[in-house]
Amino acid sequence: MARFERRKPTPAEGLEDLIVTSRRHSPDGHTLEGYLRSGGYEAIRLALGRSPADVIAEVKAASLLGRGGAGFPAGVKWGFCPPGVWPRYLVVNGDESEPGTYKDRLLMETDPHQLLEGCLIAAYAVGASQCFLYVRGEMALAQERLATALNEAYAAGFVGRDICGSDFCLDIVLHPGAGAYIVGEETALIESLEGKRGMPRLKPPYFPAAIGLYGLPTIVNNVETLSNLPFIVTHGAEAFAARGAPPSAGTRVFAVSGHVRNPGVFEVPFGVTTFREIIYDDRYAGGMMGEAPLKAFIPGGASAPWFFPEHLDLPLDKAKVDAAGSMLGSGAIVVMDETTDIPRACHNLVRFFARESCGKCTPCREGTTWLEQVLERILAGRGSRSDLDMLADICENISPGLRWPPRMTTICPLGPSAVSPISSALERFRSEFEARIPVRKTLAVKAAALR
Amino acid sequence: MARLSEANVRLALEIIGRYPRPRSALIPVLHIAQAQDGYVSSDAMRHVAELVGTTPSEVLSTCSFYEMFKRSRPGAYQLNICRGISCFLRGADDLIERATERLGIPLGGTAPHCPVSLEAVECVAACTEAPCAQVNYRYFGPLGASELDELIDGLEAGRLAELPPHGVLSTVLQSPSPDRLAGPSMPEDSGPPAWWERRQERETGKEAG
């Protein structure tokens with residue numbers, strides 16, 4: 001049996017259009033040699049020739065929205081470090097675990113030096129004196145590729161002291177995680193990096209940029225966000241923005257999985273390509289896997305409220321998807337066809353959140369478990385009509401008003417995320433849940449007698 | 001089981017030295033303990049507590065939060081079948097059932113006839129290769145019934161010997177030469193880095209000039 005073989009580039013992926021995945025199919029793109037041959041570590045030289053404030057201004061002008069899930073502009077986030085408070089830390093969030101998401105692992109495995117160069121640029125811009133690269137524990141190859149890349153980069157003078165012959169110094173510490181979805185939340189990640197259980201901190205006051213690692217200013221950026229920086233510094237904010245539909249500027253990497261013919265990871269112009277194109281076009285996922293038509297799809301990872309066929313013509317644009325009541329989140333599009341058993345799919349998603357709840361906030365700890373138990377009962381054919389109302393009631397208690405973005409009853413969005421699939425499915429496919437609920441015999445007999 | 005070996009203590013101390021606070025190295029050091037024994041024993045947790053300067057109960061608190069740390073010995077091969085939504089849609093449940101039948105163990109069990117432990121795990125970020133599995137955190141997929149059988153046959157026959165045993169996460173470790181290190185940035189150093197100050201001076205000089 002073959003280990004994963006990377007797919008060959010599809011015609012849509014002309015190298016000239018790519019920003020972060022340009023070395024994906026290059027056999028030695030992950031090595032220092034391959035990286036240097038394709039323009040690597042030029043951006044940090046350019047950045048070092050400019051002032052940190054200049055670099056921040058360039059990234060702000062590029063409108064680089066965070067690629068981790070929340071989509072907050074990276075340049076603006078950097079500006080939140082309180083003046084005069086030192087030292088500052090940079091933390092890389094490589095704990096990709098949102099169900100359906102597969103992009104950061106690809107970037108870490110196939111282009112680790114690009115990420116390291118992004119770290120150098122970000123640390124230089126904000127004045128960080130140390131960088132921690134938190135990589136999900138389960139990703140052994142990504143750890144190996146990053147460790148190798150770091151060893152190469154240290155030896156070649158790109159990381160450590162006197163970087164590129166300048167006075168700029170930065171250690172990057174590779175830090176393996178150990179398996180906990182919640183650690184992808186930035187304050188939980190900081191707790192974990194302090195050697196504790198990964199439980200989120202309350203914001204405010206614990207906004208990492210002000211009170212982060214060891215209580216000091218800390219910038220937490222996603223892998224894909226940082227991987228965009230070398231391009232922005234080398235080619236400028238304008239060239240970056242020209243590849244998308246600002247403010248959704250640049251490109252974004254989407255993983256399309258589920259019931260499609262050609263599941264894959266695709267880097268497309270941000271805000272331009274539509275869901276219909278990325279799901280149906282032969283250059284991307286190539287349409288549905290079998291005869292059955294599309295029933296529903298998740299536009300941005302398991303936490304996102306679902307979309308349906310009428311949403312297919314929306315562009316992959318942050319503002320438009322937000323306005324339609326969901327989110328692009330972590331760039332995970334999960335496609336379900338008509339054969340999908342919706343109550344079971346819901347149970348699958350809710351079980352995930354129930355397992356991964358850290359247990360700190362009551363609505364999430366109790367609510368997700370109750371949701372899972374009620375769904376289990378319904379799936380086992382032991383449900384009752386009132387169970388559907390109970391599901392809705394629990395959802396309402398975790399996430400009042402069932403809006404997206406949610407009104408928070410919990411410290412982090414994990415609890416409300418568990419509500420998304422149920423509220424979407426109950427609204428659209430209520431009859432599928434009702435069909436699982438047995439008609440009580442005694443009632444049926446009584447009803448017959450009355451007739 | 002054992003405390004950390006001398007070589008592992010040296011490795012642990014080197015890693016601890018990279019962090020501003022020793023406790024920050026707790027998870028990486030627990031990985032060293034797991035690589036040594038295949039799981040994290042109580043003795044190892046006590047030893048790790050000494051190394052990072054905390055109590056054994058604090059170490060247990062952290063250790064027990066994270067899925068990957070096993071506190072009893074699993075098989076040398078940890079077969080984790082993904083049951084995330086993308087794998088579910090592509091038949092993960094059938095795959096999981098088949099694996100339990102083939103190995104004759106429930107989820108969470110270790111086979112009596114071969115050193116394989118079986119788990120169903122949450123999304124492992126290989127959604128485009130669904131349904132997929134990991135053996136000792138190395139990917140296999142997409143898996144149909146016959147590919148799964150082949151994988152299990154291989155595990156039973158010891159044909160996957162090239163995989164490092166459970167606990168060894170990365171076969172390459174970060175090992176910068178000491179003269180290249182900038183050194184950890186301590187919270188007590190309440191000033192900006194030296195290079196930053198020099199640049200700020202240059203900027204203000206430029207403005208004044």
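Labels below follow one simple rule: chain letters A, B, ... track the order of the sequence lines, proteins then strands, and each chain is numbered from 1.
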Which heavy atom of [X] sits nearest a heavy atom of [Y], and at what distance?
| X | Y | value |
| --- | --- | --- |
| A/G177 | B/H31 | O-NE2, 2.8 Å |
| A/L349 | B/I85 | CD2-CB, 3.7 Å |
| A/A125 | B/W196 | O-CZ3, 3.6 Å |

query: Got a second to check how far A/M289's CE is from B/R90's CZ, nearest 0.5 Å?
result: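 Output value for this atom pair is 5.0 Å.
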task: Against chain A, work out which of B/Q134, B/R180, B/E67 has the most heavy-atom pairs shorter than 4.5 Å and name it.
output: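 Most pairs with chain A among the choices: B/R180.
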- prompt: Given a strict heavy-atom distance threshold of 4.5 Å, which part of B/S190 is in contact with chain A: side chain, backbone, both, or neither?
  reply: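 Contact with chain A is through both the backbone and side chain of B/S190.
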Is chain B contacted by the side chain of [X], its backbone, both, or neither, given a heavy-atom distance below 4.5 Å?
| X | answer |
| --- | --- |
| A/Y214 | side chain |
| A/A123 | backbone |
| A/E356 | side chain |
| A/A53 | neither |

query: Does the gap between the ring centers of A/Y124 and B/W195 come in under 6.0 Å?
result: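 Ring centres of B/W195 and A/Y124 closer than 6.0 Å.
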task: Answer with yes or no whether the side chains of A/R88 and B/S185 bring together a donor and an acceptor at under 3.5 Å.
output: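 No, no side-chain donor-acceptor pair sits under 3.5 Å.
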Report yes if the side chains of [X] and [Y] come closer than 4.5 Å at any heavy-atom pair, otherwise no.
| X | Y | value |
| --- | --- | --- |
| A/E98 | B/C123 | no |
| A/S192 | B/I27 | yes |
| A/R344 | B/D93 | yes |

- prompt: Using 4.0 Å as the upper bound for N to carboxylate O, is an ion pair formed by B/R138 and A/E144?
  reply: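 Salt bridge between A/E144 and B/R138, a charged N being under 4.0 Å from a carboxylate O: yes.
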query: Less than 4.0 Å between a side-chain N and a carboxylate O, is that true for B/R199 and A/D167?
result: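 Salt bridge flag = yes for B/R199 with A/D167.
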- prompt: Hey, mind stepping through B/Q174 and A/Y154 against side-chain contact (heavy atoms from CB on, under 4.5 Å) and telling me if it holds?
  reply: CA-CA 10 Å; B/Q174 181 179 8; A/Y154 264 99; 3.6 Å; yes
task: Mark yes or no: A/R105 above the aromatic ring of B/Y139, with NZ or CZ under 6.0 Å from the six-membered ring centre and no more than 45 degrees from the axis.
output: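 Yes, A/R105 lies over the aromatic ring of B/Y139.
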message: Tell me if a side-chain donor or acceptor on B/S24 pairs with a main-chain N or O of A/L193 at a distance below 3.5 Å.
response: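 Here the side-chain-to-backbone pair exists.
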